[in-house]
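Counting starts at 1 for both ligands and their atoms, in listed order. Only heavy atoms go into these numbers, but all of them, side chains included; no hydrogens, no water, no symmetry mates.
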Amino acid sequence: MFNGSKPKTPLVTHIYTADPSAHVFEDKIYIYPSHDLENKGLDDGKGDHFKMEDYHVLSLDDMDAPCTDHGEALHINDVPWADTQMWAPDAAYKNGKYYFYFPAKDKNGIFRIGAAVGDSPAGPFKAEPDYIKDSFSIDPAVLVDDDGRAYMYFGGMWGGQLEKWQSGEFVLGDENAFPGSDGPSGNEPALSPYVAELNDDMLSFKAKPQKIQILDENGEPLTAGDTDRRYFEGPWMHKYNGKYYFSYSTGDTHYLVYAVGDSPLGPFTYKGRILEPVVGWTTHHSIVEFKGKWYLFYHDSSLSGGVTHLRCVMYTELKYNQDGTIETIEPYGEG
Ligand code: FUB
């Protein structure tokens with residue numbers, strides 16, 4: 001088993017960071033993380049202790065170079081429609097512009113996904129006046145495919161409100177119920193993440209988001225009770241040898257896993273684990289190729305001594321087997 005490679009120390013220690021989306025722009029690695037803030041809220045399973053309100057952009061000139069913090073790229077006060085909780089973001093480049101995507105709760109307490117635009121990968125980004133029409137839930141991840149078409153993947157359970165959209169409309173349900181208890185269970189098909197193709201403006205969906213199918217080795221949808229493998233949150237899409245790798249967090253079982261398909265829209269067949277559990281509750285990642293090697297960016301809560309909502313971003317090398325499967329990484333193995 002591959003044990004990872006150094007460094008596995010936090011990229012930065014002057015602020016808490018999480019949910020890293022890494023991209024190569026202008027020959028550097030740019031990392032778009034969440035910015036975790038201290039707060040006294042309890043972990044109620046609904047994510048209310050994650051009260052983030054701005055984003056910083058980080059970059060690495062090289063894998064061994066010091067990490068640069070480019071400062072605040074967007075603040076919630078500059079997003080007309082957003083009220084609270086700026087969670088995991090992503091960014092994309094197209095048409096000479098950089099696009100920054102982020103979830104936040106709107107004034108009705110409903111998670112939506114917004115876009116902001118800038119001229120530099122380091123920001124700053126100017127937010128659009130409203131959220132992306134037909135967007136909902138959390139954790140946007142955008143793939144600009146080799147043919148120039150762009151796709152946004154998103155969705156997160158429990159605090160991310162995915163269960164609330166099963167009818168196609170937002171249904172709040174019982175706010176005091178255990179998180180996730182309004183979703184499917186046992187042998188019922190698991191909740192699906194969503195994908196929407198973006199228009200050429202990168203600011204709107206071509207059509208309503210569609211569900212992504214994740215299948216087991218027999219071609220059956222993963223079930224809700226299959227908590228070691230079913231989708232929970234934190235999607236990422238990358239291509240390797242012409243195949244589409246859809247990876248995500250299993251949430252309450254704390255794995256990063258992946259499924260592979262032939263189309264950016266799926267279906268994807270479950271293949272295995274990328275990362276074993278880290279210190280902290282959440283696990284969230286991105287995968288990027290830089291100078292011929294592949295890297296996994298992820299976070300844990302080691303910098304804060306295990307405080308769930310105070311996390312730190314780090315990276316390690318990711319390796320493929322001959323057959324295209326990914327070697328499972330032990331986050332605290334020697335390497
Ligand atoms: O950072 C807040 C939330 O925690 C993210 O949106 C989830 O993916 C989880 O990492």
Side-chain angles (χ1 to χ4, degrees), residues 10 15-22 31-39 41-56 58 74 76 82-91 100-106 109-114 131 135-142 152-164 179-180 191 193-194 230-237 246-258 274-275 277-287 296-304 306-314 331:
I15 55 173
Y16 289 110
T17 55
D19 308 326
S21 292
I31 303 123
Y32 300 88
S34 302
H35 177 194
D36 284 347
L37 297 176
E38 305 260 5
N39 90 81
L42 291 177
D43 179 359
D44 56 1
K46 295 182 205 149
D48 291 342
H49 52 320
F50 295 108
K51 283 202 193 301
M52 298 90 96
E53 56 188 44
D54 70 350
Y55 296 104
H56 284 227
L58 309 177
L74 183 68
I76 197 160
D83 194 33
T84 56
Q85 290 178 294
M86 294 179 101
W87 286 10
D90 193 17
F100 184 76
Y101 301 101
F102 57 97
K105 279 188 183 161
D106 68 9
I110 302 176
F111 265 117
R112 302 287 187 173
I113 296 170
Y131 58 77
S135 71
F136 56 91
S137 198
I138 59 166
D139 292 356
V142 172
M152 180 183 288
Y153 303 85
F154 63 90
M157 287 167 54
W158 295 18
Q161 302 180 335
L162 199 53
E163 290 87 349
K164 315 286 181 209
L191 284 184
Y194 285 78
R230 62 92 172 88
Y231 180 88
F232 188 97
E233 64 184 0
W236 188 254
M237 172 60 73
F246 181 73
S247 44
Y248 55 93
S249 165
T250 63
D252 55 343
T253 49
H254 315 292
Y255 301 115
L256 288 179
V257 300
Y258 70 106
I274 298 172
L275 185 71
V278 293
V279 171
W281 198 96
T282 64
T283 186
H284 190 120
H285 76 300
S286 58
I287 295 170
L296 176 77
F297 282 76
Y298 63 103
H299 69 227
D300 74 7
S301 294
S302 58
L303 183 62
S304 64
V307 180
T308 313
H309 62 282
L310 297 177
R311 300 161 292 179
C312 56
V313 166
M314 56 194 80

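- Checked against the 6.0 Å centroid threshold, F111 and W87 count as a close aromatic pair.
- Applying the side chain to side chain donor-acceptor pair (under 3.5 Å) rule to D252 yields the partners R230; only residues at least two apart in sequence or on another chain are considered.
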Write 'none' if nothing qualifies; otherwise put on separate lines each N/O atom of ligand 1 with a protein N/O atom under 3.5 Å away and their distance to 0.1 Å.
| from | atom 1 | to | atom 2 | distance (Å) |
| --- | --- | --- | --- | --- |
| ligand 1 | 1 (O) | D19 | OD2 | 2.5 |
| ligand 1 | 1 (O) | R311 | NH1 | 3.3 |
| ligand 1 | 1 (O) | R311 | NH2 | 2.7 |
| ligand 1 | 4 (O) | R311 | NH1 | 3.3 |
| ligand 1 | 6 (O) | D139 | OD1 | 2.5 |
| ligand 1 | 8 (O) | D139 | OD1 | 3.4 |
| ligand 1 | 8 (O) | D139 | OD2 | 2.7 |
| ligand 1 | 8 (O) | H284 | ND1 | 2.7 |
| ligand 1 | 10 (O) | D19 | OD1 | 2.6 |
| ligand 1 | 10 (O) | R311 | NH1 | 3.3 |

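- Under the side chain to side chain donor-acceptor pair (under 3.5 Å) criterion, S302 pairs with D300, not counting sequence neighbours.
- Under the 30°/60° scheme for interplanar angles, the aromatic rings of W281 and W158 are found to be tilted.
- Under 4.0 Å is where a charged nitrogen must lie from a carboxylate oxygen, and between K51 and D36 no such pair does.
- Not counting sequence neighbours, the partners of D106 by the salt bridge (charged side-chain N to carboxylate O under 4.0 Å, His left out) test are R112.
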